Amino acid sequence: TLGGLSVPWGQQHMALVASLLPLCSTFHLLILQAAFAHLALAFRCDMFTLQQRVQVEKRARDAAEENIQEELGQCRAALERLGQSCANAGCKETLEQLQHNLAVLSAAVERATSAAEKLGAVHQEARMSRAAEVMVQHVENLKRHHMREHAELEEMKRLIQQNSRNRQLAETQGE
């Protein structure tokens, strides 16, 4: 029985599903609204501290790059000192190979730095994309809710107007 009425199992199932659908959509809407509120707060907090974090990260990056360049400079200086004391051809050839390897290493460090910045940007884009999707979904839900409310309002207006016409008609016929 469903609500005291005897109905076949298939109809019971359909009635149960129909009665749960509004709860599911309401639950989904509540979850989406909570996610939207969370994201909005996170964006406000992020915007509040963004300039500070950018400056801190720039200083950290610049310090790391300076440290690398200093180490590379010390390696070059050591190779120069070694070159002054190197007399045989084998030693000079090894020294030139080390200088070449150091130049290759320097270029590789620059490429790695650039790739790391690009990777960070892609990760940020992925986070923003997910956040934007939640916001878009929330706006779409709000639009659907507005459309339903508007349709109900228009239907009520129509019913009121029809009821008013019916009363007027009844009054004119009653006279």
Side-chain angles (χ1 to χ4, degrees), residues 13-14 16-153:
H13 182 70
M14 292 302 289
L16 179 61
V17 168
S19 69
L20 291 178
L21 278 178
L23 294 175
C24 292
S25 67
T26 301
F27 183 69
H28 177 71
L29 182 62
L30 290 174
I31 289 174
L32 192 57
Q33 286 173 339
F36 180 82
H38 179 75
L39 282 171
L41 180 62
F43 278 127
R44 282 190 214 107
C45 291
D46 280 353
M47 292 308 295
F48 183 70
T49 63
L50 183 61
Q51 287 294 355
Q52 285 179 313
R53 289 182 289 122
V54 166
Q55 289 173 354
V56 166
E57 291 304 320
K58 278 185 180 179
R59 282 193 299 268
R61 182 203 59 202
D62 292 346
E65 287 178 355
E66 286 174 15
N67 290 341
I68 289 170
Q69 291 304 321
E70 185 178 325
E71 290 296 325
L72 290 172
Q74 288 178 5
C75 285
R76 285 186 196 98
L79 288 175
E80 288 294 323
R81 287 191 305 274
L82 187 60
Q84 295 170 357
S85 65
C86 202
N88 69 29
C91 182
K92 287 192 184 262
E93 187 179 312
T94 302
L95 187 60
E96 287 175 8
Q97 183 61 44
L98 285 173
Q99 287 173 331
H100 174 72
N101 289 351
L102 192 57
V104 169
L105 179 62
S106 179
V109 165
E110 287 182 30
R111 286 192 306 274
T113 300
S114 175
E117 286 181 1
K118 288 177 186 174
L119 178 62
V122 169
H123 282 289
Q124 181 63 18
E125 183 179 338
R127 284 189 295 273
M128 294 303 296
S129 178
R130 286 190 297 273
E133 180 59 33
V134 168
M135 290 182 179
V136 166
Q137 207 174 17
H138 181 64
V139 169
E140 287 173 355
N141 280 345
L142 290 174
K143 284 180 182 177
R144 280 193 297 276
H145 180 71
H146 174 74
M147 294 295 286
R148 277 194 306 268
E149 293 289 324
H150 183 71
E152 286 178 20
L153 178 64

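Keep in mind the model is a prediction, meaning the values are calculated, not measured.
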field: CG on Leu119 to NE2 on His123, rounded to 0.5 Å
entry: 3.5 Å

- prompt: Atom CE in Met147, atom NZ in Lys143: separation rounded to 0.5 Å?
  reply: 10.0 Å

Spacing of Leu98 atom CG and His100 atom NE2 [to the nearest 0.5 Å]: 11.0 Å

query: Got a sec: does the CD of Gln52 have more than 12 other heavy atoms crowding it under 6.0 Å?
result: no

With a 3.5 Å cut-off and sequence neighbours excluded, list the donor-acceptor pairs that the side chains of residues 102-112 form with protein atoms.
none

statement: Residues at least two apart in sequence or cross-chain that pass salt bridge (Lys or Arg N to Asp or Glu O under 4.0 Å) with Glu71, listed by chain then number, are none

query: How long is the span from the OG1 atom in Thr113 to the NZ atom in Lys118, to the nearest 0.5 Å?
result: 11.5 Å

- request: Return the set of residues passing side chain to side chain contact (heavy atoms under 4.5 Å, CB included) with His145 (not counting sequence neighbours), or none when no residue passes.
  value: Arg148, Glu149

Show me the side-chain donor-acceptor pairs of residues 126-138 shorter than 3.5 Å, one per line, residues at least two apart or across chains.
residue : atom : partner : partner atom : Å
Arg127  : NE   : Gln124  : OE1          : 3.2
Arg127  : NH2  : Gln124  : OE1          : 2.6

Would you be so kind as to tabulate the donor-acceptor pairs closer than 3.5 Å made by side chains of residues 85-93, with sequence neighbours excluded?
residue : atom : partner : partner atom : Å
Ser85   : OG   : Leu82   : O            : 3.1
Asn88   : OD1  : Gly90   : N            : 3.4
Asn88   : OD1  : Cys91   : N            : 2.7

For residues 60-69, please give each side-chain donor-acceptor pair under 3.5 Å, one per line with the distance, not counting sequence neighbours.
residue : atom : partner : partner atom : Å
Arg61   : NH1  : Glu117  : OE2          : 3.2
Asn67   : ND2  : Ala63   : O            : 3.3

